[in-house]
Protein chains: 2
Amino acid sequence: MNDQRRNGQNEVAAGGRPTLKTIAFMTGLGVTTVSRALKDAPDIGEETKKRVQLVARQVGYRPNRAGVRLRTGKTNVISLVLNTDEQLMGFISDIIYGVSEELASSSYHLILTPYSSRNDPMDPIRYVVETHSADGIIISQTEPNDPRVRYLTEHRFPFATHGRTQTGIEHPWHDFDNHAFAMQAVRALVAKGRRRLALLAPSPKLTYYRHMSDGFAEGVEEQGCAAIPFRDAWVDMPVEQIKAAATALLRRSTPPDGLVSGSGAGAFALVAAIEERGLQLGRDIDIVTKQSTPLVQMFRPQILVVNEDFRLAGRELARAVRASIDGAVPASLQTLAVPDGVEAPRP
Amino acid sequence: MNDQRRNGQNEVAAGGRPTLKTIAFMTGLGVTTVSRALKDAPDIGEETKKRVQLVARQVGYRPNRAGVRLRTGKTNVISLVLNTDEQLMGFISDIIYGVSEELASSSYHLILTPYSSRNDPMDPIRYVVETHSADGIIISQTEPNDPRVRYLTEHRFPFATHGRTQTGIEHPWHDFDNHAFAMQAVRALVAKGRRRLALLAPSPKLTYYRHMSDGFAEGVEEQGCAAIPFRDAWVDMPVEQIKAAATALLRRSTPPDGLVSGSGAGAFALVAAIEERGLQLGRDIDIVTKQSTPLVQMFRPQILVVNEDFRLAGRELARAVRASIDGAVPASLQTLAVPDGVEAPRP
DNA sequence: AATGGAAACTGTAACGTTACAGTTTTTGAG
DNA sequence: CTCAAAAACTGTAACGTTACAGTTTCCATT
C-alpha cells in the first residue's frame, strides 16, 4: 500500500511485476532495446535477443496491457455481443467456448457485451466502437438488412457475424447451411414415406429464416409433396407457445405427417404435442430436427437429427475477426458449415 | 494513419475521441481541474463542476480505460473463470447473463477466462492474479478444499465463488440451498406415497454433493423411508451414461419408486430410462428435479420441479465481487438462495 | 494595513509501452 | 588509412490519466 522508498533506478520493481525497465536493468541494456529484442526486431543482435528473452522468461515478464494499449491503441480484446433476453439458448455457451478455444492461443481476451431487447441493438455496437473497448466484434442474430453491419463497415471496425446478411456488403461471416439442412430434412422424411410436411422455422426477421424456408420449399418442390404452413411459431419463442401452436397444427383436418424443427428445444415441444395427441413417433409421424446436444435424441431415439456444431461456429468466428483485424479481405473470411446429413434413428 | 500535423495545443483531439485535454482547452481550465471536476472532488467550485460536466457531456467524453488502468492499476474488469469442457451446461449462459445484468450499470467489463479440464484449474486463476488482468474473479464448481480459494485469499485478490467450501476461510459466495432442495424433494415424494427413493447427485468432488446428499439422507431419516443408492452416476456426466445407470437401477429386484434429480438434464435421462422400461410417470414412479428452464416440465407435466434461478446467482456473484473489491468484509457477502418449494404437477 | 488561512485552481511527474530520431561501433571498400 | 555505410544500440517523447505538491485569489480577522 504505502510504498515509502522510492527506488530511483527501479531495479527489480520493488514487489510489483517486472517491467521492461526491470529487464533493462538486469541486462544492462536500454529499455528500447529490450522492447525490440522481445519482439524479435531486425536491428537487434542475435546474441542480445537470446539473452533478453532468457531473462524475460526467468523473471516471468508479461507485457503490461494498459501500457501497450495506451501507447499503440490496440486493446487485444474481442467483444462478443449478446442478447441477454434469450431464453433457453443453451447453445450460446457453446459459441462462447468455441471463441475462447480459438483465442486461448492468442493474446486476445474475450469480453462480453450484453444488451437487452428493450434497448436498441445498436447501443452495444456503438459503445464498443466509440470507446474503442475492443479491436473487433462478433455479432449474432443477423438480420437481412442488419444496421449493425452497415455501421461497423462504415466505421471500418473489424467484425464477424454469425449468419449472413443481404446488405450487399462483403463482410466476414460464418453460417450453418440451413438451406441444405431443410432440403436434407425433407428428403429424409419423404424417404420414410411422409408426404405432408411442416416446418418450424426461425423468427422471420433473422436472415436464416429465408435460408431454411427456401430450402424447405425447394425440397418440397423437388420431392413433389405437400407443405403445410406452421403458423405463428418460431424456434426461438418459449417452448410452451411452440407446443400450443403444434397442437393446433395437429388438430387440423389434414395434419402433417412429417415435421422439420429448426432447433433441438423446438423438437421437444413438437414431441410433447405429438404424444399428448396420442400419436406415435416413427409410426404416425416423423420429426427431423437440428440439434447441438444429444438430449432429444437420447430421449426419443426415433427422432431424426442433423447436428449443428456451435463450438465450431465460435472458432470460425474468432478466426474471422482476428484475420479481419489483421487486415484480411472480407471475402476470404466467409465460411459455411455444411450439415453432415440426417442421422438415422438409433436402434 | 499518418497524422502529419502536430496540433501542439491539441484542441479537439484531431479526429480522435475527446480527452481531458480537449475539455481543458474548451473550458480554459487545467487538465487536473477537469479530472477532479468530473469526479466531483471537494476542492472544485460548484459552478466549475457544472460547466465541466456539461462540456464533457456535449463532446461525449469517456475516460480512456488504458489511461486510468495504467495510472491507477484498476482494470475495471471482472473475470468469470469457466471450465469449457462442460457438456450440456446450458445454465452457464444464465449465470453469464446474470453477471452481465449486474455489471451493466457499473463501469465494469466482463471478461471470460476459460480453462480445460486437461489443464490445472489453478492456471487461469494464477494468470489473472499474476498479470492483474482483472480486479476480481468469479469461480464456479467449488470443491470442499478448493485450492483456488486458498490461493486467492492468500494473495488478497477479490473473488466470489458459486458454491461454498469447507476450507474454514470466510470468503464471498453465493449458493443454492441444495440441502433444503433434497429434503423438500423427499417430503414431496413421500407425500405422493413413495417409500423407496434414490438420488441422482452431483459429482462427489464438488462441495454441493455433500449438501444434497446430506439433505436427502436427512429427509429419508425424517420420513422413515428407504434410500436406494444410485451408483456411478452424477448429474454432470453425459446423459447417455446417466440413462444407462438409471436403467440398471430400475432393473434391481427392489427398484426405487421415487427419484430425485439434481439437474434438469438428468431428469430427461431418468424419464427416458423409466419409459423405456415400460413404467409410467405419476403412476408407477415419481421424479422431483431441479430445473432452470421449463423444458422437462413442459414435456412431462407429471414431473415435480424445484426451480433454481441461475440469473439470480450471476447477479449475486457479481454483486459480491464488486463489494469485495470495494473492501467489504467476506462474511457480509455470503448469500444462500432458498428453494421456493416443490411445484405441483401441471394439470 | 497586515496576515492567516480557506477555497479554487494548476503544473509536474509517473504508470509501461513503443515510434522516432539519433548515436556509437564495426565492417569493408577504395 | 580513410570514410561511407551497415549493424547494434539508446534517449526522448508521447499515449491519457491521476497523485502530489504547489500557487494564486480572496476574504475575515486582528
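In what follows, chains carry the letters A, B, and so on, assigned in the order in which the sequence lines appear, proteins first and then strands, with residues in each chain numbered from 1. Values reported hereafter were calculated over all heavy atoms of this structure, with side chains retained and with hydrogens, waters and symmetry mates removed.
Of the charged side-chain nitrogens involved, none lies within less than 4.0 Å of a carboxylate oxygen, so that A/K50 and A/E47 do not count as a salt-bridged pair.
Among the protein residues, A/G67 comes within range of the nucleic acid bases, having at least one heavy atom under 4.0 Å from a base atom. Contact annotation for A/T33: base contact, defined as any heavy-atom pair under 4.0 Å involving a base atom.
Positionally, the nearest nucleotide of DNA chain C for B/G30 lies more toward the 5' end than for the other of A/K39 and B/G30. Position along DNA chain D of the nearest nucleotide to A/L29 versus B/V31 favours A/L29 as the more 5'-ward residue. Mapping A/R62 and B/R36 onto DNA chain C via the closest heavy atom, the residue that lands nearer the 5' end is B/R36.
Residues A/T165 and A/H171 bring a donor and an acceptor atom of their side chains to less than 3.5 Å of each other. One side chain, A/T113 or A/S79, offers a donor N or O that lies under 3.5 Å from an acceptor on the other.
Ranking D/dA8, C/dT17, C/dC9 by closeness to the A/D43 side chain, first place goes to D/dA8. Closest to the side chain of A/P63, out of C/dA14, D/dC9, C/dT17, is C/dT17. Here C/dG16 is the nucleotide among C/dG16, C/dC9, D/dC9 with the atom lying nearest to any side-chain atom of A/N64. Nearest to the side chain of B/T32, among D/dC9, C/dG11, C/dT18, sits C/dG11. Among the nucleotides C/dT18, D/dC9, C/dC15, the one closest to the side chain of A/K21 is C/dC15. Side-chain proximity of B/L20 to D/dC15, C/dT18, D/dT17: nearest is D/dT17.
In this structure, the NZ atom of B/K49 is 10 Å from the P atom of C/dC9, given to the nearest Å. B/K74 places its NZ atom 12 Å from the P atom of D/dA19, with the value rounded to the nearest Å. Whole-Å rounding puts the A/I44 CD1 to C/dA19 P distance at 13 Å. Whole-Å rounding puts the A/D40 CG to C/dT18 P distance at 14 Å. Between the CG atom of A/L38 and the C1' atom of D/dA8 there is a distance of 16 Å, given to the nearest Å. The separation between A/R71 atom CZ and D/dT17 atom P is 16 Å, rounded to whole Å. Computed from coordinates, the B/R65 CZ to C/dG16 P distance equals 20 Å when rounded to whole Å. When rounded to the nearest whole Å, the span between CZ of A/R69 and P of C/dT17 equals 15 Å.
Taking 4.0 angstrom as the limit, A/S35 places none of its side-chain polar atoms (N or O) nearer than this to OP1 or OP2 of C/dT17. Proximity of B/T48 to the phosphate of C/dC9: a side-chain N or O atom is located under 4.0 Å from OP1 or OP2. Distances shown here put every side-chain N or O of B/T72 at or beyond 4.0 Å from the OP1 or OP2 atom of D/dT17.
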Verdict with reasoning, B/S117 to B/D85, per side-chain hydrogen bond (donor to acceptor under 3.5 Å, both in side chains) = CA-CA 6 Å; B/S117 299; B/D85 292 330; 3.0 Å; yes

message = Does B/S133 form a side-chain hydrogen bond (donor to acceptor under 3.5 Å, both in side chains) with A/H109? I'd like the steps, not just the answer.
response = CA-CA 9 Å; B/S133 51; A/H109 281 177; 4.8 Å; no

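If you take NE2 on A/H132 and CZ on B/R17, they are separated by 9.0 Å, rounding to the nearest 0.5 Å.
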